[in-house]
Structures are given as C-alpha cells and as structure tokens.
Amino acid sequence: MAVRKWLYESARSVAESFGYQEYEAPILESLDLYAAKSGDELVKEQSFVFEDRGGNLVTLRPELTPSLARMVAQRQNQLVFPLRWWSFGPFWRYERPQKGRTREFFQWNIDLIGPNTPSADAELVAIVASFFQKVGLSPEDTQILVNNRQLIETELISIGIQPDKFTDIFRLIDRRDKLSTANWESYAADLGLQTKEIDALQILLADQNLWQKSDSLLGLFPAVDALGYSDYVRYAPHVIRGLDYYTGTVFEAQAIRGGLTRSILGGGRYDNLLSDVGGKALSGVGFAMGDLVITLVLEELDLIPASIKSPSALIMVTVFNEDTQLESVSLAEELRQAGLNVNCYPQVDKIGKQLKYGDRTGIKVAVLLGPDELANQSITLKDLSTGSQQTVARTETAKTIIQMLENTDPS
RNA sequence: GUGGGCGUAGCUCAAUAGGCAGAGCGCCUGUCUGUGGAACAGGUGGUUGAGGGUUCAAGUCCCUUCGCCCACCCCA
C-alpha cells in the first residue's frame with residue numbers, strides 16, 4: 001500500500017503538472033463494450049465475465065480505455081475539448097499469475113482527447129519521461145520506443161502485404177525481438193508470407209530511419225525535443241502494441257537491466273474508439289502503466305524511498321502505571337490538538353517494553369510521564385534514535401517535540 | 001489455456017534408506033524495581049496445507065484436493 005500510494009502521488013503530480021483532471025470509471029462494465037475493440041484474447045480469455053441477475057454478461061474491467069471512450073461519447077456535447085483526463089485504479093485479468101503479473105492490479109491511465117496532432121502525441125510521451133524523471137529513472141534505465149501504425153501499414157502495402165492480414169502481421173512484428181530469427185521466420189511462413197515478403201519485412205524492421213517517411217513522427221520528435229525529453233525517446237520500427245484499437249502513433253516504455261528488457265507501459269493513438277461506442281468521430285491518445293512491473297524495476301534499482309514506509313505517528317506517549325494512565329491519554333490528545341500525530345500506548349506495561357515497541361515501529365520521540373513529572377508539572381522527552389532525553393515544563397511539550405522532529409534525519 | 005517447481009514453528013529453512021518433528025531468527029521471561037537497540041541464560045511455539053490410502057510405523061511412498069511460485073501465452 002505504501003508503494004502504491006507513492007506511485008499514485010507521483011503519477012498525480014506529473015499528470016497535474018500537465019493540466020490533467022482526475023476521473024474514475026465503473027469497475028463493472030457490460031461485456032459488449034469490449035467486444036472486438038480491445039483484442040479477442042484480452043476479452044474472451046483474459047477477463048472475468050459473469051452473468052448478472054438480469055441475465056446480462058458483465059465484465060470486471062480488464063482495461064480502461066473503452067470505458068473512457070464510452071463516458072466521453074455519452075457526454076460529448078457538453079464536454080470541452082481538448083480533454084485531458086487521468087485515472088488510477090484497480091483492474092482484473094483472468095490469467096495465470098507470475099512475476100510482475102497478478103489477477104488484480106492497479107493501472108495509471110492518462111488520455112488527451114480531441115486533437116489529432118503530433119504535438120498531442122509528443123505530450124503523452126513527455127508525460128512518461130517526466131514520470132520516469134520524477135521517480136528517479138534515467139534514460140540509461142528506461143527508454144520510450146515510438147512507432148506509427150499508419151507508417152507501417154503503408155510500408156506493408158508497398159511490399160505486397162494485403163490489409164486483411166494486418167492484424168496477424170502486427171502480432172508477428174511485435175514478436176521480432178522476442179523470437180530467434182529462425183523461429184520468427186517460421187512463424188512468418190506459418191502466416192502465409194512468401195520468402196520475398198519476409199525478407200522485405202526484415203529490411204523494413206531494421207530501418208532506423210523509417211520514421212522520416214511519416215509526417216506524424218516528423219512532427220513528434222522535434223516536439224519531444226522541445227519538451228526536453230529526447231534522451232528518453234527513440235524510434236523503434238518493431239513496436240506495434242497488442243491492442244487492436246490503436247490507429248496511429250504507438251509507444252512502449254522499456255526497462256533495460258543487464259541485457260534483459262521489460263515492458264513498463266504502452267500507449268498510442270486511437271481514432272475510432274469514440275465512434276465505435278456511439279459517439280461522433282474523435283481521436284485520442286493515451287497510455288496505461290501497471291503498478292507491478294514499474295515496482296519491480298524501481299525495487300531493483302533501489303529507487304523506492306524508505307521514508308514512504310514511516311509510521312503515521314512519530315510520537316508515542318508511554319503509560320507509567322494505572323494511576324497515571326489517564327494523564328497520559330489526556331497528554332496525547334493535548335498534543336494532537338496542537339497538530340501532532342500521536343500514538344498513545346494502550347495499556348500498562350514496563351517502560352522498557354513500551355520503548356522497544358516504539359523503536360520497532362519507527363517512533364522518533366517517546367513521551368514519558370511518571371510520578372516525578374506529575375509532581376513537577378514537567379514531561380520527559382526521549383529521542384529514540386539517539387537515546388538522549390530531556391525534561392521540560394509541561395507547557396513546552398509540543399514546542400520541544402516539534403524542534404526534536406525538525407532535528408531528526410528525515411530518513 | 002500449456003509446461004515446470006513448491007507447501008514442515010510467526011519468518012527462513014533442515015530432517016540419511018519410511019523409524020522419537022529440529023535449527024537460526026523472532027516472540028516471552030530473567031540478569032536489569034523509571035528507559036529500547038547489545039550480550040548471556042531460560043522458555044513459548046507444530047492438525048508437517050487438507051482429505052483418503054499403503055505400512056508395525058508416513059513430513060517422507062500412492063491417490064484426490066486446495067493454495068503458492070516460475071516460465072510460456074498474452075499484456076500493464
């Protein structure tokens with residue numbers, strides 16, 4: 001929860017810095033919403049689907065973009081475009097769990113709906129880079145690979161591949177990095193490609209300058225450069241993304257660790273999603289990042305701050321004995337009224353045990369209140385990290401604690 | 001959906017060929033009657049995931065079942 005909250009705060013801060021508004025969508029959606037729009041396997045085999053009491057099939061959302069499209073389409077005439085929205089919430093996929101993949105996970109989604117321009121695409125890419133920068137990932141740790149589906153479609157036609165094969169061929173292209181050349185070629189042959197076509201495709205996928213044939217990408221890269229994030233971004237002809245609804249620019253962020261790469265997030269431009277759910281034609285661009293892979297990457301690079309796991313209260317009031325217990329309770333509340341977060345030990349125990357509890361749970365200042373202090377209208381304050389303690393007038397307690405916390409190392 | 005691995009104390013793991021279920025850490029107590037972290041001593045802690053079977057005897061062998069992990073697939 002601490003890590004997720006930190007990710008949420010980092011995503012929120014970056015999204016808000018670009019002027020995006022937070023929204024939430026339903027967790028249950030009608031199965032129809034996803035039909036033929038997300039990709040067959042995601043919906044038919046990897047979603048939780050069941051019948052509701054009315055006999056309709058409902059789905060625990062496996063992704064957010066179709067819900068977003070539906071929500072925007074339903075209010076299309078009253079919303080003001082360009083629309084910049086972001087969301088962070090739970091998703092479910094009925095898959096076998098493994099490292100970096102669970103059946104319930106959280107995902108950050110962010111979309112810019114309205115303008116179909118290279119600078120809109122560049123903004124989303126820049127948001128990714130800005131997020132990486134915020135959590136401490138450098139261009140040496142992560143890279144954002146960009147491509148354009150229209151560009152690849154045009155090129156496929158020019159080497160003689162028919163549009164009705166594009167879905168299969170995209171899957172093939174997406175796997176260029178994952179399979180050995182021999183396996184990839186035999187997969188290509190299974191899809192019915194001729195040797196001549198396979199050779200042409202390989203040349204295409206090795207062409208790092210292919211982007212210069214795309215007006216969209218010719219606009220995108222200078223815009224990313226102007227935003228200051230070109231170190232994070234490069235062209236990659238084999239990046240195509242698995243979801244069927246992408247129509248233009250697509251991108252994917254990868255972590256590079258010792259020769260192995262892992263996909264952190266993916267996104268792209270979708271032109272037809274709003275009209276598919278009953279809206280007027282309107283283009284959008286966005287991406288989704290799951291919480292699991294990014295957490296693995298950040299853990300591996302030791303980038304998760306230890307401070308996110310500190311307790312909510314750094315101050316603990318101890319209880320000396322039964323006679324003074326209510327005095328301790330009152331003192332704790334007095335300190336809360338002064339604006340401090342305070343944990344009051346909830347029973348009578350030996351002081352040593354209470355201090356040990358405080359030490360183990362991350363308490364910085366222990367407050368001691370026994371017969372001596374009561375007699376003198378004073379309070380003893382012990383710094384648990386240094387072991388030093390001081391006795392001050394009771395009226396000075398809150399002020400002294402605040403000074404002690406300021407002098408403490410924030411870690 | 002496919003393939004592989006693993007379930008023993010709170011945690012990490014031992015237990016020869018089927019033969020008295022153990023260790024380290026943690027926790028509790030004491031050394032130390034108003035003071036945590038260290039040391040030492042003692043103590044607590046188990047339906048060996050569950051159910052059935054074989055056997056004089058099962059953590060160990062067999063069957064069923066539940067759960068977890070890893071990879072493929074797919075994808076965040």
Side-chain angles (χ1 to χ4, degrees), chain A residues 4 7 11 34 38-47 61-65 87-110 128 131 170-171 174-175 178-179 183 187 239-246 250-255 260 262-268 286-297 316-321 323-324 328 345 348-376 378-391:
Chain A
R4 191 196 298 156
L7 286 176
Y34 304 98
S38 300
D40 269 3
E41 180 152 351
L42 178 58
V43 178
K44 288 180 183 160
E45 293 171 38
Q46 298 185 344
S47 294
R61 61 185 191 185
E63 60 156 338
L64 192 63
T65 308
S87 185
F88 187 98
F91 295 84
W92 293 265
R93 289 186 192 173
Y94 192 77
E95 304 176 286
R96 292 280 288 268
Q98 64 187 59
K99 196 176 177 73
R101 189 173 80 188
T102 53
R103 286 183 163 184
E104 179 181 72
F105 58 97
F106 280 70
Q107 209 180 58
W108 177 30
N109 279 263
I110 179 162
V128 174
F131 173 81
F170 280 168
R171 195 141 292 178
D174 202 38
R175 241 161 269 189
K178 292 172 186 168
L179 300 175
N183 285 343
Y187 181 24
V239 165
I240 209 79
R241 304 303 304 154
L243 296 173
D244 291 344
Y245 50 66
Y246 292 129
V250 286
F251 55 92
E252 172 174 332
Q254 293 186 343
L260 286 171
R262 183 121 197 196
S263 176
I264 296 174
L265 61 83
F287 68 84
M289 182 188 79
D291 62 328
L292 298 171
V293 173
I294 186 75
T295 299
L296 287 176
V297 171
M316 180 180 76
V317 177
T318 60
V319 173
F320 188 79
N321 62 28
D323 295 337
T324 66
S328 289
Y345 201 80
V348 178
D349 253 327
K350 295 203 313 189
I351 289 297
K353 190 175 173 185
Q354 298 184 44
L355 292 177
K356 186 172 187 175
Y357 171 79
D359 183 49
R360 301 245 167 139
T361 56
I363 294 290
K364 302 289 185 207
V365 178
V367 180
L368 294 99
L369 173 58
D372 294 350
E373 285 83 2
L374 279 175
N376 298 328
S378 66
I379 295 294
T380 297
L381 300 172
K382 185 180 178 77
D383 183 326
L384 287 187
S385 52
T386 65
S388 65
Q389 64 184 53
Q390 55 183 315
T391 300

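Every chain is numbered from 1, with letters handed out A, B, ... down the list of sequences.
Residues meeting the ring-ring contact (aromatic ring centres under 6.0 Å, His included) test with Tyr246(A), sequence neighbours left out: none. For Arg101(A), the salt bridge (Lys or Arg N to Asp or Glu O under 4.0 Å) partners are Glu95(A), not counting sequence neighbours. For Thr102(A), there are no side chain to side chain donor-acceptor pair (under 3.5 Å) partners two or more places apart in sequence or in a different chain. Under the ring-ring contact (aromatic ring centres under 6.0 Å, His included) criterion, Tyr345(A) pairs with Tyr357(A), not counting sequence neighbours. Shown here are the side chain to side chain donor-acceptor pair (under 3.5 Å) partners of Thr380(A), two or more places apart in sequence or in another chain: Glu373(A), Thr391(A). Take Gln354(A) and apply the side chain to side chain donor-acceptor pair (under 3.5 Å) test, not counting sequence neighbours, and it matches no residue. Applying the side chain to side chain donor-acceptor pair (under 3.5 Å) rule to Glu104(A) yields the partners Trp92(A); only residues at least two apart in sequence or on another chain are considered. Considering only residues two or more places apart in sequence or on other chains, Phe320(A) meets the side-chain contact (heavy atoms from CB on, under 4.5 Å) condition with Thr324(A), Ile351(A), Pro371(A). The side-chain contact (heavy atoms from CB on, under 4.5 Å) check on Thr295(A) picks up Val3(A), Leu7(A), Glu299(A), Ile304(A), with sequence neighbours excluded.
Look at the P atom in both A15(B) and C61(B): the space between them is 13 Å, to the nearest Å. Remark: the separation of the C1' atoms in C56(B) and C20(B) is 16 Å, to the nearest Å. When the P atom is compared between A23(B) and G4(B), the two are found 37 Å apart, to the nearest whole Å. Distance noted for atom C1' between A39(B) and G34(B): 22 Å (whole Å). Comparing G7(B) with U60(B), their P atoms sit 11 Å apart, to the nearest whole Å. Taking the C1' atoms as reference points, G1(B) lies 33 Å from U8(B), given to the whole Å. For U54(B) and G43(B), the P atoms lie 41 Å apart once the distance is rounded to whole Å. Taking the P atoms as reference points, G59(B) lies 30 Å from C70(B), given to the whole Å.
A donor-acceptor contact under 3.5 angstrom links the side-chain atoms of Glu373(A) to the base of G34(B). Within 3.5 Å, a donor on the side chain of Gln389(A) pairs with an acceptor on the base of U35(B), or the reverse.
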### Query
In dot-bracket, 5' to 3', how would RNA chain B read with Watson-Crick or G-U wobble pairs under 3.5 Å, [ ] for crossing ones and | for pairs to another strand?
(((((((..((((.....[..)))).(((((.......))))).....(((((..]....))))))))))))....
Please list, for nucleotides 28-33 of chain B, all pairs of protein and nucleotide N/O atoms separated by less than 3.5 Å.
{"residue": "G30(B)", "atom": "OP2", "partner": "Lys350(A)", "partner atom": "NZ", "Å": "3.0"}

For nucleotides 67-70 of chain B, list the nitrogen or oxygen atoms of the protein found under 3.5 Å from its nitrogen or oxygen atoms, one pair per line.
{"residue": "C70(B)", "atom": "OP2", "partner": "Lys99(A)", "partner atom": "N", "Å": "3.0"}

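OP1 or OP2 of C75(B) has at least one side-chain nitrogen or oxygen of Arg171(A) nearer than 4.0 Å.
Leu355(A) has its CG atom 5 Å from the C1' atom of G36(B), to the nearest Å. The CZ-C1' distance, from Phe105(A) to C74(B), rounds to 12 Å in whole Å. One atom, OH of Tyr345(A), and another, C1' of G36(B), lie 12 Å apart when rounded to the nearest Å. Taking atom CG of residue Leu265(A) and atom C1' of nucleotide C75(B), one finds them 12 Å apart after rounding to whole Å. Distance Ile294(A) CD1 to C75(B) P: 20 Å, rounded to the nearest Å. With rounding to whole Å, Leu381(A) atom CG is found 17 Å from U35(B) atom P. The separation between Asn321(A) atom CG and G34(B) atom P is 10 Å, rounded to whole Å. Between Asp174(A) atom CG and C74(B) atom P the separation is 9 Å, expressed in whole Å.
Among the protein residues, Phe320(A) comes within range of the nucleic acid bases, having at least one heavy atom under 4.0 Å from a base atom. Residue Gly358(A) is out of contact with every strand shown, counting any heavy-atom pair closer than 4.0 Å. Residue contacts shown for Asp372(A) include a base, since a base heavy atom lies under 4.0 Å away.
A distance of 12.5 Å separates OG1 of Thr361(A) from NZ of Lys356(A), quoted to the nearest 0.5 Å.
Geometrically, Arg4(A) engages Phe106(A) in a cation-pi contact defined by less than 6.0 Å to the ring centre and at most 45° from the axis. Annotation: cation-pi pair Arg103(A)/Tyr94(A) present, NZ/CZ under 6.0 Å from the ring centroid and within 45° of its normal.
Annotation: of the two residues near RNA chain B, Tyr94(A) and Ile264(A), the 5′-most nearest-nucleotide partner is Tyr94(A). Between Gly370(A) and Ser263(A), the one whose closest nucleotide on RNA chain B sits nearer the 5' end is Gly370(A).
Taking 4.5 Å as the limit, every side-chain heavy atom of Val319(A) sits out of range of all side-chain heavy atoms of Asp349(A).
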